[in-house]
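Worth knowing before you read on, the calculation uses all heavy atoms, side chains too, and leaves out hydrogens, waters and symmetry mates.
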There are 2 protein chains.
Amino acid sequence: MTEKTAKKRHNMRDVARYAGVSVATVSRVVSGASSVADTTQARVRSAIDALNFVPSAAARVINSGRSYMVGALVPTLDHAIFSRFLDALERELADHGFSLVVATTHDDPDREARRAQDLLNLGVEGFVVSGLSHSDAFGDLIARYKTPVIATSYFDPSSPLVTVGYDNGAAALRALDHLVEMGHETIAVLSGPMRDNDRTRARVRALKRQPAQALQFHDVPMGLAASESVEDVLQSDPRVTAILCLSDVIAQGAMNGLRRLDVRVPEDMSVVGVDDLPSSQSIWPPLSSVHLPVTRMGTCAAERLARWIETGERARPLELETRMVARSTVRSLDGRAREP
Amino acid sequence: MTEKTAKKRHNMRDVARYAGVSVATVSRVVSGASSVADTTQARVRSAIDALNFVPSAAARVINSGRSYMVGALVPTLDHAIFSRFLDALERELADHGFSLVVATTHDDPDREARRAQDLLNLGVEGFVVSGLSHSDAFGDLIARYKTPVIATSYFDPSSPLVTVGYDNGAAALRALDHLVEMGHETIAVLSGPMRDNDRTRARVRALKRQPAQALQFHDVPMGLAASESVEDVLQSDPRVTAILCLSDVIAQGAMNGLRRLDVRVPEDMSVVGVDDLPSSQSIWPPLSSVHLPVTRMGTCAAERLARWIETGERARPLELETRMVARSTVRSLDGRAREP
DNA sequence: GATCATCGTGTAACTAGTTACATCTGGCCC
DNA sequence: GGGCCAGATGTAACTAGTTACACGATGATC
């Protein structure tokens, strides 16, 4: 109420003047580290209350060189697999004293690089990204800033990035093995868009390396639109008894398409997915799927990134296991073809 | 490579010394505002490249007083309704030059207050929160910092917080009206946990104010566990022909329970939800639900918060419309009771 | 009673970058 | 050739908070 009514936020100098002490003393009271006499302490505290003083985060950052923020660059927030992952990531990071800044890339490498620059300008101390393929601009950025980065949803110990994730090829093979064990011989593989998605590419690559199986590959549009592609798939080969979908969203779309064609799942056709989304349990029939350990991945990525930032020691890659969750797939009747 | 090999990050003074100019000149080159001779500019730029100089975000914040960050406090990231919302929020905020810092509260008001303090320490310029009920600590915090806050998922023009959302009571009544129009007279209402969730409370309150209807209220556990509660619901009154679930997750659980009891949906029992999750379209039968405009809510909340921060003028509350999406509900056969 | 240690506190120099003001140089006009 | 203006650049004082060091006042020990 004196001379500075215009200025909204008070700083330490104001508090010091009000309490009749030096800024150093105020700083000591606020940080609580050094010893300050009880009477002085009380005087400073009442000054802080009177002036509604709150210390500036930026000034503290400037001195400590620490921002306690990490950035997550994900394709989208609107997908159960990423939101699960981020939920675990955020929780673990909070336990380590870090805050999470999220930015969406929408699978656009240029946008990823731009958003990464934004986050670096904010002062993030590390990144969590999805997959291995990133633009050169992004690579330059992290090399220049020497920022710790953990790449997730992918495990590759030979990558220049530190990966915490699973073997996407192995995950796809788990689904295939399950179908083969169930006696299925002619299997259709449905994959979504592969451009800018190295996880899907790795899954397809692994399946294509299995010459023993009669696999038929189909590219389908993402989401529920996959349901319309199912008719083409069945017409292309009547011997198909199982559909292997490289994501649960595609699998759910395929199941809708089969229902429309009056093909019963699993009696007439087995369907498996990859992701094991929560919703895959609540549909009917419950979808068999390869479970991806995204919650653990979030926890482990957070832990490793936090340690990397604190110690300066590059984290080590970590492989997490996927597992097949059989729910509604059934034994093929010895390769007997569907009724047309 | 000279005397400061230990120091990792170079600052403007280093660049100035290297280029043989003053810090002011470097600052001018970096900000690009004032006029600097071409030759000097080139010299400074090569110094910047040579030293791998990147300006400190915190120092800029300290001078501008701006952090260009906003915080979102949500119950969880692992729920389709919040991740949709945050996806839209993040996208719109990015267009306004803001970054989004997320923190999860897990419906714990104390945790919310703690995380809010963390975010304020980071220097966020505004908040997006869910619902109206928050701890006193949170209220004190935002009052003290005079931080702009937008409360979402709720519309209440009389609230001290600025709300951008929908009328939760009206949303529940939309579901009820739909069932009544379809001729249903005896309706069970399933609600999840209400403690610390004012959205659910508002929905229940609105339904309880409808004395004309024979509504039977049941509290059920969240998630798929809801499927086990369905048997009790049906046994408590055999005349029930429709189940109104206050969230889609509960509705999906209820549909699973009905399937186990061999009650056909919708022939024997109509089910409606509230949320209209993406997964509600891909289940069978597709779930009728009240659509909540969460994507628009994210966009509008971001827009209003950004404007509030930029102009200092308190945003105005905004009501968004919900709408009934009928997918699998059917006309009741004149209140005929189910076969036991 | 002198010496030393300790506690409380202030001074001032840091952290990194911005910017108002001063200064210097050169070109142009009269 | 003096005066004037503009462009380019430096100086130093800001932004807010931390902290090494110094100083003075106690109290305890010899």
Side-chain angles (χ1 to χ4, degrees), chain A residues 3-4 6-45 47-48 51-69 120-125 145, chain B residues 3-4 6-45 47-48 51-69 120-125 145:
Chain A
E3 77 279 12
K4 48 173 52 196
K7 198 181 165 191
K8 43 212 81 174
R9 232 170 108 163
H10 293 277
N11 60 25
M12 268 198 180
R13 262 96 185 161
D14 299 331
V15 175
R17 202 176 320 128
Y18 190 97
V21 295
S22 70
V23 279
T25 302
V26 178
S27 174
R28 281 187 272 255
V29 170
V30 171
S31 70
S34 299
S35 58
V36 177
D38 286 352
T39 53
T40 318
Q41 201 151 147
R43 206 140 40 89
V44 171
R45 282 197 200 287
I48 287 173
L51 297 179
N52 251 325
F53 166 74
V54 282
S56 143
R60 199 167 284 158
V61 170
I62 236 181
N63 286 294
S64 64
R66 301 292 313 273
S67 70
Y68 295 100
M69 289 190 287
L120 284 169
N121 283 344
L122 280 183
V124 296
E125 301 187 64
Y145 285 71
Chain B
E3 78 280 13
K4 48 173 55 198
K7 199 180 164 191
K8 46 210 82 170
R9 232 171 107 162
H10 292 276
N11 60 26
M12 268 198 181
R13 262 96 184 161
D14 298 331
V15 176
R17 201 175 322 127
Y18 190 98
V21 296
S22 70
V23 280
T25 302
V26 178
S27 173
R28 281 187 272 254
V29 170
V30 171
S31 69
S34 298
S35 59
V36 177
D38 286 351
T39 54
T40 317
Q41 202 150 148
R43 209 141 39 90
V44 171
R45 281 196 201 289
I48 286 173
L51 297 180
N52 251 328
F53 166 73
V54 283
S56 143
R60 200 166 282 161
V61 170
I62 235 181
N63 286 293
S64 65
R66 300 292 312 271
S67 71
Y68 295 101
M69 289 191 287
L120 284 169
N121 283 343
L122 279 183
V124 296
E125 300 187 66
Y145 285 70

Between D/dT18 atom C1' and A/Asn11 atom CG, what is the distance in whole Å?
14 Å
Tell me the interatomic distance from B/Arg28, atom CZ, to D/dA8, atom P, rounded to whole angstroms.
11 Å
Taking only side-chain N and O atoms of B/Ser22, does any of them lie within less than 4.0 angstrom of OP1 or OP2 on D/dG10?
yes
Can a side chain N or O of A/Asn63 be found less than 4.0 Å away from OP1 or OP2 on C/dT15?
no
Out of D/dG10, D/dT9, D/dT18, minimum distance to the side chain of B/Val21 belongs to D/dG10
Give a yes/no answer on whether the side chain of B/Ser31 brings an N or O atom under 4.0 Å of OP1 or OP2 in C/dT18.
no
Verify the contact: side-chain N or O of B/Ser35 to OP1 or OP2 of D/dA8, cut-off strictly under 4.0 Å; return yes or no.
yes
In whole Å, what is the span from the CE atom of A/Met12 to the C1' atom of C/dT15?
14 Å
OP1 or OP2 of C/dG17 under 4.0 Å from side-chain N/O of B/Ser27
no
Under 4.0 Å: is that the gap between some side-chain N or O of A/Thr25 and OP1 or OP2 of C/dG10?
yes
Side chain of A/Ala37 - closest among D/dG17, C/dT9, C/dG17:
C/dT9
Between atom CZ in B/Arg13 and atom P in C/dC14, what is the gap in whole Å?
11 Å
In whole angstrom, give the distance that lies between atom CZ of B/Arg17 and atom P of D/dG10.
14 Å
Distance below 4.0 Å between A/Arg60 side-chain N/O and D/dT18 OP1 or OP2:
yes
Output the rounded distance in Å from CD (B/Gln41) to C1' (D/dA8).
12 Å
Nearest-Å distance, CD1 (B/Ile62) to P (D/dC14)?
15 Å
Give a yes or no answer on whether the side chain of A/Glu125 reaches the backbone of A/Ser67 with a donor-acceptor pair at less than 3.5 Å.
yes
